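These figures come from a predicted structure and were not determined experimentally. Atoms within each ligand, like the ligands themselves, are counted from 1 in listed order.
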Amino acid sequence: MAVALIVAAGSGERLGAGRPKALIELAGRPLVQWSIDALREVPGIDQIVVAMPPRAPAPAGVIAVDGGDSRSESVRRALAAAGEGDPVVVHDAARPLLTGELVERVIAALEGDDRADAAIAAAPVTDTVKRVDPAGAVTETLDRSELWAVQTPQAFRRVALERALDLPAAELARATDDAGLIERAGGKVLVVRSSEENLKVTIPFDLRVAELLLAMRRGPRG
Ligand code: C5P
């Protein structure tokens, strides 16, 4: 059986709500609760561990641990508190539009390739992406046909994730996702086509969009 880790310990400063992002109310539930509820729907997952901000109340029905100083440190702490589950699904609480269907597809992709260490949700980039120097001048236009915007959920073989996270805190702090640590170690990471709807809540605008999308999912009668 699989285990799911939700990282929810970020401060969410860019939302300007004066409290941790995971606890902000979104369509009637704390932000983190949407991810917990989506993961509960997945039959292959029998344990959910959540890395929460220190002193935050623990959500019901999950194992809660204090998060670390960086995202990957929070993943490492959550993994240390998890039982035997394998594969390990990692998800950011900042993506409340998660669906159980996407989690199942990510796990299935990993299980379908014996040589893969991880399978990650991602969507092809639609904007043109340029590299810009610190003075504000463009130095390069990247080939968009090769670019994907990476999301969570990300599913890992447990041993590969444990090895990838076995790094000094300063190096973990530079990682923006866990699959990047696997790639660094020469591991094989598969991409699973996701929807742009699985958006990341970073600024107040994202919170409004997420609220509208959740209202649409519930239908006209709410
Ligand atoms: O830093 P960023 O906004 O990309 O955070 C992505 C996810 O990692 C969020 O769900 C956030 O709560 C979590 N996080 C964490 N511990 C940290 C920093 C971020 O659990 N120290």
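Ranking the protein heavy atoms by distance from atom 8 (O) of ligand 1 puts Arg71 CG, 3.4 Å first. Looking only at heavy atoms of the protein, atom 20 (O) of ligand 1 is closest to Ala9 N, 2.8 Å.
Under a 4.0 Å criterion applied to the non-hydrogen atoms of Gly68, ligand 1 contributes the atoms 17 (C), 21 (N). Listed by atom number, the atoms of ligand 1 under 4.0 Å from Arg14 heavy atoms are 3 (O). Taking every heavy atom of Gly10 and a limit of under 4.0 angstrom, the matching atoms of ligand 1 come to 11 (C), 12 (O), 13 (C), 14 (N), 15 (C), 16 (N), 18 (C), 19 (C), 20 (O). Numbered from 1 in the order shown, with element, the atoms of ligand 1 that lie under 4.0 Å from a heavy atom of Asp92 read 6 (C), 7 (C), 10 (O). Of all atoms in ligand 1, numbered sequentially from 1 with element shown, those under 4.0 Å from a heavy atom of Ala8 are 12 (O), 20 (O). Counting atoms of ligand 1 from 1 in the listed order, those under 4.0 Å from a heavy atom of Ser74 are 15 (C), 16 (N), 17 (C), 20 (O), 21 (N). Of all the atoms in ligand 1, the ones that sit under 4.0 Å from a non-hydrogen atom of Lys200 are 2 (P), 3 (O), 4 (O). Within ligand 1, counting atoms from 1 as listed, the ones closer than 4.0 Å to a heavy atom of Ser70 are 16 (N), 17 (C), 21 (N).
For Glu140, the CD atom is densely surrounded, since the number of other residues' heavy atoms within 6.0 Å is greater than 12. Enclosure of atom CZ in Arg163 is not indicated, since only 12 or fewer non-hydrogen atoms of other residues, nucleotides or ligands lie within 6.0 angstrom. Other residues, nucleotides and ligands place more than 12 heavy atoms under 6.0 Å from the CD atom of Glu25.
Distance remark: protein heavy atom not present below 4.0 angstrom from atom 1 (O) of ligand 1. Distances from atom 5 (O) of ligand 1 to the protein include no heavy-atom value under 4.0 Å.
Residues passing the side-chain contact (heavy atoms from CB on, under 4.5 Å) test with Ser195 are Glu197, sequence neighbours excluded.
The NE2 atom of His91 lies 8.5 Å from the CG atom of Leu102; values are rounded to the nearest 0.5 Å. Atoms CG and CD, from Asp166 and Glu171 in turn, are 10.5 Å apart once rounded to the nearest 0.5 Å.
Ligand 1 lies out of reach of Arg95, whose nearest heavy atom is not under 4.0 Å from it. Heavy atoms of Gly67 stay at 4.0 angstrom or farther from ligand 1.
Remark: ligand 1 and Ala93 share an N or O pair separated by less than 3.5 Å (distance only, no angle test).
Under a 4.0 Å N-O distance rule, the pair Glu211/Arg208 does not qualify as a salt bridge. A salt bridge links Lys188 with Asp113: the closest approach of a Lys/Arg side-chain nitrogen to an acidic carboxylate oxygen falls below 4.0 angstrom.
Tested against Arg71 for a side chain to side chain donor-acceptor pair (under 3.5 Å), the candidates Asp178, Thr176, Asp177 yield a single pass: Asp178.
Counting heavy atoms only, Val7 comes closest to atom 13 (C) of ligand 1 of the residues Val7, Asp69, Leu5.
No donor-acceptor distance shorter than 3.5 angstrom exists from the side chain of Arg158 to the backbone of Glu162, with no hydrogens or angles considered.
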